[in-house]
Amino acid sequence: MGKDTIANIITSIRNADMNRKGMVRIPSTNITENIVKILLREGFIENVRKHRESTKEFWVLTLRHRRNRKGPYKTILNLNLKRISRPGLRIYSNYQQIPRILGGMGIVILSTSRGIMTDREARLQGIGGEILCYIW
């Protein structure tokens with residue numbers, strides 16, 4: 001894994017979703033913990049548990065799937081994740097200019113002065129911040 005932990009999380013989840021894997025294992029950090037809580041709260045993942053191997057801790061995410069009559073497990077949504085702000089180019093927005101994804105159907109994850117939160121929470125609190133990623 002590289003230095004951009006958010007891009008690594010997004011890539012791991014996207015790859016597991018495309019390959020119809022049921023579980024994803026990502027390294028545990030404060031940022032990943034907050035993003036995982038948002039994904040769980042918004043319904044993009046089904047279950048989360050913390051796993052420890054020797055000195056390293058991991059989050060094990062269970063992706064949300066449903067049974068299709070004709071074939072094997074299929075994802076509920078084609079989970080689309082896009083990294084916006086990156087280490088080479090930070091993207092900031094005030095609360096009035098936070099973009100709406102699919103007219104409010106998707107979410108924007110922001111890093112604000114009050115922690116990592118969704119676009120709806122940031123608009124309600126009237127704060128902006130760094131746009132981390134889009135999920136739809």
Side-chain angles (χ1 to χ4, degrees):
M1 298 228 170
K3 301 225 183 238
D4 190 6
T5 58
I6 298 169
N8 291 335
I9 295 166
I10 290 172
T11 303
S12 298
I13 294 172
R14 186 185 311 118
N15 289 342
D17 186 55
M18 286 182 356
N19 291 325
R20 294 191 174 114
K21 301 286 183 192
M23 301 182 115
V24 181
R25 193 176 85 163
I26 57 174
S28 177
T29 64
N30 290 335
I31 294 173
T32 58
E33 181 179 357
N34 291 326
I35 291 175
V36 164
K37 285 179 183 177
I38 289 174
L39 291 175
L40 183 64
R41 188 175 61 231
E42 295 290 327
F44 289 105
I45 56 177
E46 188 174 310
N47 192 10
V48 178
R49 63 186 165 94
K50 205 166 195 176
H51 181 70
R52 183 179 203 122
E53 285 182 10
S54 63
T55 60
K56 296 183 180 181
E57 292 184 345
F58 296 95
W59 288 104
V60 179
L61 312 178
T62 305
L63 299 180
R64 188 171 292 278
H65 289 80
R66 65 180 158 94
R67 178 63 85 171
N68 188 359
R69 288 185 215 148
K70 297 178 183 175
Y73 285 108
K74 192 171 184 180
T75 56
I76 289 178
L77 303 169
N78 285 333
L79 188 62
N80 291 312
L81 299 110
K82 184 177 181 185
R83 176 81 158 119
I84 302 303
S85 184
R86 50 192 171 89
L89 180 63
R90 303 287 186 187
I91 307 294
Y92 296 95
S93 176
N94 62 14
Y95 77 97
Q96 297 159 335
Q97 296 176 343
I98 297 172
R100 294 185 192 275
I101 306 302
L102 292 178
M105 295 295 289
I107 63 169
V108 177
I109 296 180
L110 296 145
S111 176
T112 66
S113 59
R114 296 184 191 153
I116 295 177
M117 61 181 68
T118 64
D119 55 338
R120 283 179 236 123
E121 296 168 348
R123 282 191 199 98
L124 286 174
Q125 294 184 14
I127 56 175
E130 181 182 353
I131 299 175
L132 298 178
C133 60
Y134 297 157
I135 303 172
W136 70 96

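Within a 6.0 Å sphere centred on CG of Asn30, other residues, nucleotides and ligands contribute 12 heavy atoms or fewer.
Grouping the Ile, Leu, Val, Met, Phe, Trp and Tyr side chains by contacts below 4.5 angstrom, directly or via other members, places Ile31 with Ile109. Note on Leu89: it does not cluster hydrophobically with Tyr92, by side-chain heavy-atom contacts below 4.5 Å among ILVMFWY residues. In this structure, Leu40 is not a member of the same hydrophobic cluster as Phe58, with clusters built from ILVMFWY side-chain heavy atoms closer than 4.5 Å. In this structure, Val48 is a member of the same hydrophobic cluster as Leu63, with clusters built from ILVMFWY side-chain heavy atoms closer than 4.5 Å.
The OG1 atom of Thr112 lies 9.0 Å from the CD1 atom of Ile98; values are rounded to the nearest 0.5 Å. A distance of 9.5 Å separates CG in Asn80 from CZ in Phe44, rounded to the nearest 0.5 Å. Annotation: the span from Tyr134 atom OH to Ile101 atom CD1 amounts to 5.0 Å, rounded to 0.5 Å. Here the straight-line distance linking atom CG of Leu110 with atom CG of Leu132 works out to 7.0 Å at 0.5 Å rounding. With rounding to the nearest 0.5 angstrom, the CG atom of Leu39 is 7.5 Å from the SG atom of Cys133.
Taking Lys82 as the reference, nothing meets the salt bridge (charged side-chain N to carboxylate O under 4.0 Å, His left out) condition, with sequence neighbours excluded. Scored by the salt bridge (charged side-chain N to carboxylate O under 4.0 Å, His left out) test, Arg49 finds no partners at all (sequence neighbours excluded). Residues passing the salt bridge (charged side-chain N to carboxylate O under 4.0 Å, His left out) test with Arg83, sequence neighbours excluded: Asp4.
Trp59 has its side chain within reach of Lys50: a pair of non-hydrogen atoms, C-beta onward, lies under 4.5 Å apart. At least one side-chain heavy atom of Ile38 sits less than 4.5 Å from a side-chain heavy atom of Ile107. Looking at Arg14 and Asp17, their side chains never come closer than 4.5 Å, going by heavy atoms from C-beta outward. Residues Ile45 and Val24 form no side-chain contact, since every pair of their non-hydrogen atoms from C-beta on lies 4.5 Å or further apart. Side-chain contact between Asn8 and Ile26 is absent, with no heavy-atom pair separated by less than 4.5 Å. Side-chain contact check for Ser93 versus Ile131: some heavy-atom pair is nearer than 4.5 Å.
For residues 116-132, every residue pair satisfying the side chain to side chain donor-acceptor pair (under 3.5 Å) rule, not counting sequence neighbours, is listed here: Arg41-Glu121, Glu42-Arg120, Ser85-Glu130, Arg90-Glu130, Arg114-Gln125, Asp119-Arg123. Under the salt bridge (charged side-chain N to carboxylate O under 4.0 Å, His left out) criterion, the residue pairs touching residues 27-39 are Glu33-Lys37, with sequence neighbours excluded.
Hydrophobic cluster membership for Met117: Ile127 (Ile, Leu, Val, Met, Phe, Trp, Tyr linked by side-chain heavy atoms under 4.5 Å, directly or transitively).
Of the listed residues (Leu81, Thr5, Asn15, Ile35), just one forms a side chain to side chain contact (heavy atoms under 4.5 Å, CB included) with Ile10, and that residue is Leu81.
Panel note: side chain Thr32, backbone Pro27; a donor-acceptor pair is recorded below 3.5 Å.
Pairing each heavy atom of Glu57 with each of Arg52, the nearest pair is OE2-NH1, 2.9 Å.
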